[in-house]
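To keep things clear, I will list the structure first and then write my remarks on it.
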Amino acid sequence: MTQSTLTPPPPVTRKRGRSKGSPAERGDKSVLRTIGIVIVWISVALGVLLLGWVILQSLRDTRSILGQPFGLPDALRWDNYARAWTGGNFGVAAWNSLTVTVISSVLTIVVAAPAAYFLGRVETPLTEGLTFYFILGLGIPAQVILIPLFIMLNSVYLTDSLIGLNLVYIGVSMPFTVFLLVGFFRSLPVEVEEAAALDGASPWGTMWRIAMPLAKGGLLTAFILQVISHWNETLLALTLLQSTEKYTLPVALISFIQQQTYSGADWGGEFAGIVLIVLPMLALYLWVGSKLSAGLTVGIGK
């Protein structure tokens, strides 16, 4: 075979990397990113300033607040907190909020976790439809179901009841919690569960002994989000609760403000009541904020 009969090798073509766009496009993206960062930091600064302003006003009397709304306290009026705690019946309301928040948040996770595990591991048209059904629940505002919900609870004598409020919180929290946990379970390596199944573990045992411990970060994130949501919830509690001894903290604060409207405004006490509601959730977020932020990014693309 002569050299002339040899076919030349095909030319080597090098794969080019993905185009990052023109310099003008990259510049536009950089400008948009900078604007977004500035907007975020401005929002954070405004939120911190507003919280600081509320705390400062809670230590002033009504006359100084009305005279100089943005002034500093001349003397620290800690008695504002005492009046808010006693006059607004905040002691009983705080206990009601604590029990309702903890019970409803725990039961929400207990019910939602197995459902999310099943939807995240079993991929069939039925499970896909059920997942989409839960996603649709995220778009239904509470105002739409408020009247039907009140009528249904009233027919079974669960209005003005903390048990009924717990059931409502669990129901309205289920769509978001299931949607969030499905992503966490889909992000877990399925090989670990397959190895457990080969060792003789039942599906139920695999879920509770393998999947749930691996997803503890997601479960904690979902629990903390529900605690914050249920602690601050006002509309449903205001609609379903009528007795003073059943009030949660947001409803007790509204009742306290209404009392001050008729007996004379006590702005210092009202600001103190706001601080009493906000500070526990602020302390909770400062305690687990890093874990919460990290947990929200897990399974985001699943």
Side-chain angles (χ1 to χ4, degrees), residues 38-102 141-143 146 160 162 165 169 224-289 292:
V38 171
I39 293 175
V40 168
W41 279 109
I42 291 176
S43 301
V44 172
L46 290 176
V48 173
L49 290 175
L50 179 60
L51 178 62
W53 179 76
V54 171
I55 294 176
L56 287 176
Q57 304 315 304
S58 69
L59 299 173
R60 304 175 67 194
D61 57 14
T62 300
R63 180 175 297 179
S64 61
I65 292 174
L66 295 178
Q68 294 181 341
F70 297 98
L72 296 176
D74 298 329
L76 300 182
R77 301 292 301 271
W78 297 106
D79 57 317
N80 291 339
Y81 289 89
R83 288 198 310 276
W85 187 265
T86 57
N89 200 24
F90 273 31
V92 176
W95 175 252
N96 292 338
S97 289
L98 181 62
T99 54
V100 169
T101 298
V102 172
Q143 294 85 347
L146 194 59
D160 197 22
L162 297 181
L165 189 62
Y169 282 173
I224 296 300
L225 290 175
Q226 295 310 317
V227 167
I228 296 174
S229 175
H230 297 172
W231 179 271
N232 296 321
E233 200 285 320
T234 305
L235 178 62
L236 294 172
L238 184 62
T239 304
L240 299 176
L241 301 178
Q242 290 87 36
S243 302
T244 306
E245 64 273 9
K246 303 288 182 62
Y247 283 172
T248 56
L249 276 174
V251 182
L253 177 62
I254 294 175
S255 176
F256 179 66
I257 294 175
Q258 291 176 343
Q259 293 175 13
Q260 301 306 315
T261 302
Y262 296 105
S263 61
D266 182 10
W267 289 102
E270 293 174 11
F271 279 112
I274 296 174
V275 173
L276 289 174
I277 296 176
V278 172
L279 282 187
M281 292 300 102
L282 179 62
L284 178 64
Y285 182 79
L286 293 176
W287 181 36
V288 297
L292 183 63

>> Looking at every non-hydrogen atom in both residues, tell me the closest pair between V251 and L238 and how far apart they are.
In response: CG2-N, 3.7 Å
> With sequence neighbours excluded, what pairs up with S58 under the side chain to side chain donor-acceptor pair (under 3.5 Å) test?
Replying inline: Y81
>> Let me confirm one number: the CG-CD1 distance from L279 to I55, rounded to the nearest 0.5 Å.
In response: 5.5 Å
>> The criterion is side chain to side chain contact (heavy atoms under 4.5 Å, CB included); which residues satisfy it with Q143, sequence neighbours excluded?
In response: P141, L235
>> Rounded at 0.5 Å granularity, tell me how far CG in L162 sits from OG1 in T248.
In response: 8.5 Å
> Tell me, which pairs form a side-chain hydrogen bond (donor to acceptor under 3.5 Å, both in side chains) where one or both residues lie in residues 90-100, sequence neighbours left out?
Replying inline: none
> Minimum heavy-atom separation for Q57 to I65, with atom names?
Replying inline: O-CD1, 3.4 Å
Quick one: side chains of residues 85-92, donor-acceptor pairs under 3.5 Å with protein atoms, not counting sequence neighbours, listed by atom name and distance.
unit_1 : atom_1 : unit_2 : atom_2 : d
T86    : OG1    : A82    : O      : 2.8

Let me have the donor-acceptor pairs involving side chains of residues 68-75, under 3.5 Å, with sequence neighbours excluded, atom names and distances please.
none

> Judged by atom type as modelled, is there a donor-acceptor pair below 3.5 Å linking the side chain of E233 to the main-chain atoms of A237?
Replying inline: yes
> For D61 and R77, which heavy atoms make the closest approach, and how far apart are they?
Replying inline: CB-NH1, 3.2 Å
> Got V278 and V54 here, is their nearest side-chain heavy-atom distance under 4.5 Å?
Replying inline: no
> Do the two ring centres, one from W231 and one from Y169, sit under 6.0 Å apart?
Replying inline: no
>> So which atom in Y247 and which in Q242 form the shortest heavy-atom distance, rounded to 0.1 Å?
In response: OH-O, 3.5 Å
>> Counting C-beta onward and ignoring hydrogens, is there a side-chain heavy-atom pair between L276 and L249 closer than 4.5 Å?
In response: no
>> Using 0.5 Å steps for rounding, measure from the NE2 atom of H230 to the CG atom of L98.
In response: 14.0 Å
> Hey, is the main chain of D160 close enough, under 3.5 Å, to the side chain of K246 for a donor-acceptor pair?
Replying inline: yes
>> Between I224 and L284, is the side-chain contact (heavy atoms from CB on, under 4.5 Å) condition met? List the steps.
In response: CA-CA 8 Å; I224 296 300; L284 178 64; 4.2 Å; yes
>> Tell me every residue that passes side chain to side chain donor-acceptor pair (under 3.5 Å) with S43, counting only those two or more places apart in sequence or in another chain.
In response: none
> Do the non-hydrogen side-chain atoms of N80 and L59 ever get within less than 4.5 Å of each other?
Replying inline: no
> Say you draw a straight line from CD1 of I277 to CG of L253; how long is it, rounded to the nearest 0.5 Å?
Replying inline: 4.5 Å
